[in-house]
Amino acid sequence: MRASDAERERVAETLREAVAEGRLEMDEFEQRLDATFKARTHGELVPLVRDLPVAGGSARPVTGAVAERSGSSSDWPARIGGSATSSGAFAFWGGFSRKGRWTVGPKFTAFAMWGGGEIDLREAHFAEREVVIRCFTIMGGIQVTIPPDLDAQVGGLGIMGGFGEHSKIEDEEPAPGSPRVKITGFALMGGVGVERKRRKAEKRRLKEQERARSDKPDAGDGRKELG
């Protein structure tokens with residue numbers, strides 16, 4: 001059977017959890033992750049996670065269909081801990097980007113002058129539970145994207161510019177085990193935007209669930225009217 005994008009993403013999340021827990025070496029993780037996004041069928045996906053625990057901490061290995069993920073964005077406890085891969089970013093007449101799978105240091109400082117930057121935390125890991133992200137921009141812009149269930153506090157200063165949070169989706173309560181992220185700094189004749197946004201794979205999963213619910217027949221469909 002052909003595999004969907006949502007199923008490939010669930011396998012990728014299982015692999016990310018495994019490398020964070022020390023079950024996979026980084027080179028093996030990268031090989032399996034590459035094979036995951038190249039896979040076209042269920043038969044190609046299953047061997048990639050057959051020797052790994054089911055997502056959520058169970059010791060039972062995945063032997064059949066791809067394990068379903070629980071939670072709206074990810075398993076937060078598995079994404080906290082480890083060495084930071086980045087503690088800062090700088091852009092001058094240019095830009096920077098931090099997105100995908102990366103590990104945020106306890107203090108991350110970003111600066112953009114006459115340029116721009118992107119900080120995406122939707123797939124990020126966190127070196128510690130408490131994280132401070134400081135964003136400074138002069139005649140430039142920095143965009144911070146966070147998942148809807150992240151425990152985040154936004155507080156900065158805009159001078160002839162803006163510093164604030166804009167959400168395209170309805171805010172959710174922070175998920176259990178979520179890291180606490182404080183986003184602060186200032187924007188001078190520029191802007192720092194903070195947006196809560198779901199990943200594409202999660203949007204597809206929610207649409208599939210909604211479609212499945214709408215396709216279920218009502219309990220009364222099989223009853224005949226009396227009269």
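Just so it is clear, the structure is predicted and the values come from calculations on it, not from any experiment.
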> Taking it one step at a time, do Arg10 and Glu13 satisfy salt bridge (Lys or Arg N to Asp or Glu O under 4.0 Å)?
Replying inline: CA-CA 5 Å; Arg10 285 195 291 268; Glu13 286 291 342; over 6 Å; no

>> What verdict does the side-chain hydrogen bond (donor to acceptor under 3.5 Å, both in side chains) test give for Arg8 and Thr36, after you've listed the backbone C-alpha separation in whole Å, the side-chain angles of each residue and the deciding distance to 0.1 Å?
In response: CA-CA 6 Å; Arg8 280 186 283 271; Thr36 296; over 6 Å; no

>> Run Phe136 and Ile142 through side chain to side chain contact (heavy atoms under 4.5 Å, CB included) and show every step you take.
In response: CA-CA 8 Å; Phe136 305 99; Ile142 297 176; over 6 Å; no

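In this structure, Pro179 and Leu150 have side chains that are in contact, with non-hydrogen atoms separated by less than 4.5 Å. Put simply, the side chain of Arg32 reaches to within 4.5 Å of the side chain of Leu24, judged on heavy atoms. The closest side-chain heavy-atom distance from Leu188 to Met139 is not below 4.5 Å. The shortest distance between side-chain heavy atoms of Cys135 and Ile119 falls below 4.5 Å. By the 4.5 Å heavy-atom criterion applied to side chains, Arg180 and Gln153 are not counted as neighbours. Between Leu121 and Val104, some side-chain heavy-atom pair lies under the 4.5 Å cut-off.
The distance from the CZ atom of Arg198 to the CD1 atom of Ile146 is 12.5 Å, given to the nearest 0.5 Å. Interatomic distance, CD1 of Ile80 versus CD of Glu130, reported as 9.5 Å (0.5 Å rounding). Note: Thr137 OG1 to Met113 CE = 9.5 Å, rounded to the nearest 0.5 Å. The line from CD of Glu195 to OG1 of Thr145 is 5.5 Å long, rounded to the nearest 0.5 Å. The distance from the CE atom of Met26 to the CD atom of Gln31 is 12.0 Å, given to the nearest 0.5 Å.
No donor-acceptor distance shorter than 3.5 angstrom exists from the side chain of Thr184 to the backbone of Gly156, with no hydrogens or angles considered. Distance alone, capped at 3.5 Å, is enough to place a donor-acceptor pair between the Glu44 side chain and the Thr41 backbone. Using a distance-only test at 3.5 Å, with no hydrogens or angles considered, a donor-acceptor pair links the side chain of Arg196 to the main chain of Pro148.
Under the 4.5 Å side-chain heavy-atom criterion for grouping Ile, Leu, Val, Met, Phe, Trp and Tyr, Val19 is connected to Phe37 within one hydrophobic cluster. In the hydrophobic clustering of ILVMFWY residues, with side-chain heavy atoms under 4.5 Å counting as a link, Met189 and Leu157 come out together. Hydrophobic clustering (ILVMFWY, side-chain heavy atoms < 4.5 Å, transitive): Phe92 and Phe186 are in one cluster. If you chain together hydrophobic residues whose side chains sit under 4.5 Å apart, Val181 and Val154 fall into the same group. In terms of hydrophobic clustering, with Ile, Leu, Val, Met, Phe, Trp and Tyr side chains grouped at heavy-atom distances under 4.5 Å, Phe111 and Ile133 are assigned to different clusters.
For the residue pair Ala112 and Gly141, the shortest heavy atom distance occurs at CB-O, 4.3 Å. Between Ser178 and Trp76, the shortest heavy-atom contact is CA-CG, 3.7 Å. Taking every heavy atom of both residues into account, Gly162 and Ala187 meet most closely at O-CB, 3.6 Å. Ala39 approaches Leu45 most closely through the heavy-atom pair CB-CD2, 3.6 Å. Between Ala84 and Gly105 the shortest heavy-atom distance is CB-CA, 3.5 Å. Summarising the geometry of Ser97 relative to Glu118, their closest heavy-atom pair is OG-OE1, 3.3 Å, with the distance given to 0.1 Å.
Taking the six-membered ring for Trp and the full ring otherwise, the centers of Phe96 and Phe90 sit at least 6.0 Å from each other. In summary, the aromatic rings of Phe108 and Trp102 are positioned with their centroids under 6.0 Å apart.
Arg98 and Ser86 form a side-chain donor-acceptor contact under 3.5 Å, judged by distance and modelled atom types alone. Between the side chains of Thr14 and Glu17, no donor-acceptor pair of N or O atoms lies under 3.5 Å.
In this structure, Arg101 is positioned above the aromatic face of Phe29, its NZ or CZ under 6.0 Å from the six-membered ring centre and within 45° of the axis.
Between Glu123 and Arg16 a salt bridge is recorded (basic side-chain N to carboxylate O distance below 4.0 Å).
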